[in-house]
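See below for the structure under consideration.
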There are 2 protein chains.
Amino acid sequence: MKEDKEITIYDLAKHLKISAATVSRSLKDHPGISKSTKKKVQEAAKEMGYRSNNFARNLRKQKTNTIGVIVPKLNSYFVSSAIAGMEKIANENGYNLIISQSLESVKKEIANTITMFNSRVDGLLVSLAYDTENMEHFDVFFDKNIPVVFFDRVYEDSRSLNVIIDNYRNAYDITKHLIDEGCKRIMHIAGNLTRNVYAERCRGYKDALRDAGFEFQDELLIVNELSEEAGKELGKKILQMPNKPDAVFVANDVCAANCMQIIKTAGYSIPGDIAFAGFNNDPISKIVEPHLTTVNYPCYEMGEMAMRNLIDHLTGDGNISTTNKIILRSEIVVRASSLKGKGQ
Amino acid sequence: MKEDKEITIYDLAKHLKISAATVSRSLKDHPGISKSTKKKVQEAAKEMGYRSNNFARNLRKQKTNTIGVIVPKLNSYFVSSAIAGMEKIANENGYNLIISQSLESVKKEIANTITMFNSRVDGLLVSLAYDTENMEHFDVFFDKNIPVVFFDRVYEDSRSLNVIIDNYRNAYDITKHLIDEGCKRIMHIAGNLTRNVYAERCRGYKDALRDAGFEFQDELLIVNELSEEAGKELGKKILQMPNKPDAVFVANDVCAANCMQIIKTAGYSIPGDIAFAGFNNDPISKIVEPHLTTVNYPCYEMGEMAMRNLIDHLTGDGNISTTNKIILRSEIVVRASSLKGKGQ
DNA sequence: TTGTAGGCGTTATCAC
DNA sequence: GTGATAACGCCTACAA
């Protein structure tokens with residue numbers, strides 16, 4: 001059926017000769033409305049092409065049924081997988097998502113935060129931009145008791161829930177694995193150390209070295225952006241080092257794969273001359289040759305988990321999170337790029 | 001400043017001893033309000049922490065400022081890049097995005113369509129699911145004159161705008177390139193042929209063969225899903241062919257790279273024994289070895305273009321699109337995987 | 001079991 | 001240049 005004017009509950013009421021209140025209640029399956037009226041109303045609604053008006057509803061209920069998501073960048077394997085997981089859970093629970101990207105800039109992150117606030121999202125899911133240091137822009141949410149869940153790149157704060165993996169442990173394991181393979185000069189390429197993920201991975205790296213009786217060397221730690229291009233640049237940089245590392249642990253796969261490729265193309269054998277390891281289990285890690293040792297990061301599950309907890313919190317389905325930190329399981333995946341003994 | 005109750009224009013009005021109407025007008029910079037009152041109002045608004053209520057506004061204006069996006073799957077290079085482009089444009093123009101994925105199933109696509117409709121999006125951007133054949137679920141939008149823009153996987157319909165690339169031309173060029181390299185038995189791995197993108201690529205393949213005087217052979221056309229796993233399966237399938245192709249043109253890079261890898265691992269030389277080509281210029285194409293010949297698909301730009309046109313349409317910024325089809329520039333990128341003469 | 005009535009925060013239409 | 005008032009469509013005390 002095709003109409004131009006929107007049908008409202010009043011139209012239905014008039015049509016059925018009952019009150020709008022009864023229509024409203026019937027539509028939301030209110031107990032205390034007779035089966036027969038309910039049925040009548042629901043049928044008429046379908047017939048006349050009624051659709052409920054969320055704005056009126058939200059205005060009245062002071063609730064939006066919308067969840068905001070702020071991520072650094074939509075087009076990365078990690079983020080798109082996490083969002084796919086979030087979308088699934090949100091959709092199942094009747095929530096809408098509004099998504100925006102900070103493009104790794106605090107400035108845009110702040111702007112997005114304000115937009116989300118003005119859109120009156122019921123809750124917020126955030127993975128921080130590369131250079132965010134100050135967290136004041138989230139205060140408006142805390143002040144209004146709007147729940148904020150951070151995932152992956154989080155902010156340690158008692159007022160919010162964090163969903164993360166054990167970056168420290170994984171980095172420790174990777175480094176230890178490289179040591180076990182006989183590597184002596186292990187380089188680590190990290191991201192901005194004010195971001196928990198990179199700080200923790202770096203700490204894991206350092207502790208593994210220490211526990212193996214190695215001394216940490218400043219020249220073997222590079223803090224840098226971790227993009228595709230950056231990987232290539234870093235590869236060239238390593239090629240120019242007089243005293244090269246015999247292993248490189250990069251804090252993400254895209255960067256690792258591109259870095260490795262430059263070095264391989266320059267004639268070095270991998271892992272023979274230099275072993276490599278990355279982080280994330282990006283599909284690229286299984287394509288690059290040799291395949292990249294990495295950490296199996298549960299991206300999709302993290303999205304699901306973060307969203308599920310936010311929604312549980314919103315609907316008050318038990319204050320399940322007595323804690324404010326959820327750590328998902330992740331583990332090291334060993335592949336050829338780091339198997340020194342059995343080099344390709 | 002921290003309050004618990006939301007400030008409304010009435011609060012501002014009372015505070016300033018003027019009417020709510022004046023406040024409303026001042027806030028939206030209405031001409032015909034004195035500079036001084038405007039300034040007073042705007043300052044008070046900031047001071048008291050006023051934020052406008054979009055629901056009341058939308059309810060009143062019968063407009064949502066929200067655009068719906070339905071994609072097959074969020075976690076793919078193409079989609080996440082396109083969405084990144086859309087988000088940028090939408091954000092610049094003050095629109096919100098609500099995004100959902102069909103997970104390649106018509107059924108979910110229909111459900112998403114209904115949700116979008118009920119959310120009263122001002123417009124819709126869609127890339128179709130793998131198996132969508134019937135388009136009736138979009139009729140509600142057409143009937144209500146809500147603009148729908150299809151991108152990439154489109155539906156030819158006079159009522160909607162399509163943003164695409166010239167899949168036919170690109171596939172033709174790829175195939176011709178393989179022929180020029182001396183390939184004689186060129187296989188094509190396509191996706192569902194009811195989807196324009198795959199149908200067009202297939203048509204380009206066939207025409208290029210024909211124009212070169214080759215006969216099309218049924219056994220050299222495989223229609224299949226194009227995932228990572230599918231790529232591996234297809235690789236195994238090819239290995240079992242008694243009379244193998246000397247080139248394989250796959251309709252997407254992820255599938256191509258995985259397929260190629262299986263064949264390479266089995267000991268065949270690429271492109272020596274079998275040349276390969278893909279489609280999309282996914283980052284994976286520059287990592288896999290040999291690097292994959294492919295088509296440089298402007299994903300991000302397509303997202304921008306689709307969104308920009310939708311918004312122009314919405315704001316009536318000229319009915320620029322006298323046409324209902326926009327074709328973006330894309331071109332073949334030749335890499336080692338298809339350079340038969342100069343095989344690795 | 002159903003109806004009445006008021007209000008959620010804005011904006012557009014009249015008036016002045 | 002400004003104010004009063006009536007919608008927009010829905011929900012929910014409170015009444016009946």
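Only heavy atoms go into these numbers, but all of them, side chains included; no hydrogens, no water, no symmetry mates. Reminder, nothing fancy here: chain letters follow the sequence lines and each chain counts from 1.
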Nearest listed nucleotide, side chain of [X], among [options]:
| X | options | answer |
| --- | --- | --- |
| A:Thr8 | C:dT11, D:dG9, D:dT12 | D:dG9 |
| A:Thr37 | C:dT10, C:dT2, D:dG3 | C:dT2 |
| A:Ser52 | D:dC10, C:dA5, D:dG1 | D:dC10 |
| B:Asn53 | D:dC10, C:dG9, C:dA5 | C:dG9 |

Next item on the list: Respond yes when some side-chain nitrogen or oxygen of A:Lys28 is under 4.0 Å from OP1 or OP2 of D:dC10, and no when none is.
Entry: no

Note to self: OP1 or OP2 of D:dA7 versus the side-chain N and O atoms of B:Gln62: is any pair under 4.0 Å?
What the structure shows: no

Check: So, does the side chain of B:Arg25 form a donor-acceptor pair with the base of D:dG3 at under 3.5 Å?
Finding: yes

Notebook entry, point to check: Under 3.5 Å, is there an N or O donor on one side and an acceptor on the other linking the side chain of B:Arg60 and the base of C:dT10?
Noted result: no

How close or far is atom [atom2] of [N] from atom [atom1] of [X], stated in whole angstroms?
| X | N | atom1 | atom2 | value |
| --- | --- | --- | --- | --- |
| B:Lys17 | D:dT2 | NZ | C1' | 17 Å |
| B:Glu6 | C:dT10 | CD | C1' | 14 Å |
| B:Ile18 | D:dA4 | CD1 | C1' | 14 Å |
| B:Phe55 | C:dT11 | CZ | P | 14 Å |
| B:Arg57 | C:dT11 | CZ | C1' | 9 Å |
| B:Leu12 | C:dT11 | CG | P | 12 Å |
| B:His30 | C:dT10 | NE2 | P | 17 Å |
| B:Asp11 | C:dC8 | CG | P | 10 Å |

Notebook entry, point to check: When you match B:Thr22 and B:Leu59 each to their closest nucleotide on DNA chain D, which lands nearer the 5' end?
Noted result: B:Thr22

Note to self: Quick check on DNA chain D: between B:Gly32 and B:Ala56, whose nearest nucleotide comes earlier from the 5' end?
What the structure shows: B:Gly32

Check: Do other residues, nucleotides or ligands put more than 12 heavy atoms under 6.0 Å from B:Lys14 NZ?
Finding: no

Notebook entry, point to check: Are there more than 12 heavy atoms of other residues, nucleotides or ligands under 6.0 Å from atom NZ of B:Lys325?
Noted result: no

Describe the nucleic acid contact of [X] in one word from base, sugar-phosphate, nothing, applying a heavy-atom distance below 4.0 Å.
| X | value |
| --- | --- |
| A:Tyr10 | base |
| A:Arg120 | nothing |
| B:Ser24 | base |

Margin query: Can you tell me which residue among A:Val149, A:Leu97, A:Asn93 is in a side-chain contact (heavy atoms from CB on, under 4.5 Å) with A:Met307?
Written below: A:Leu97

Next item on the list: For the pair A:Lys73 and A:Glu104, find out whether any cationic side-chain nitrogen is under 4.0 Å from an anionic carboxylate oxygen.
Entry: no

Notebook entry, point to check: Between B:Lys108 and A:Glu87, is there a side-chain N and carboxylate O pair less than 4.0 Å apart?
Noted result: yes

Next item on the list: Test side chain to side chain contact (heavy atoms under 4.5 Å, CB included) on A:Leu314 and A:Ile67 and set out the steps.
Entry: CA-CA 10 Å; A:Leu314 249 25; A:Ile67 288 168; 4.2 Å; yes

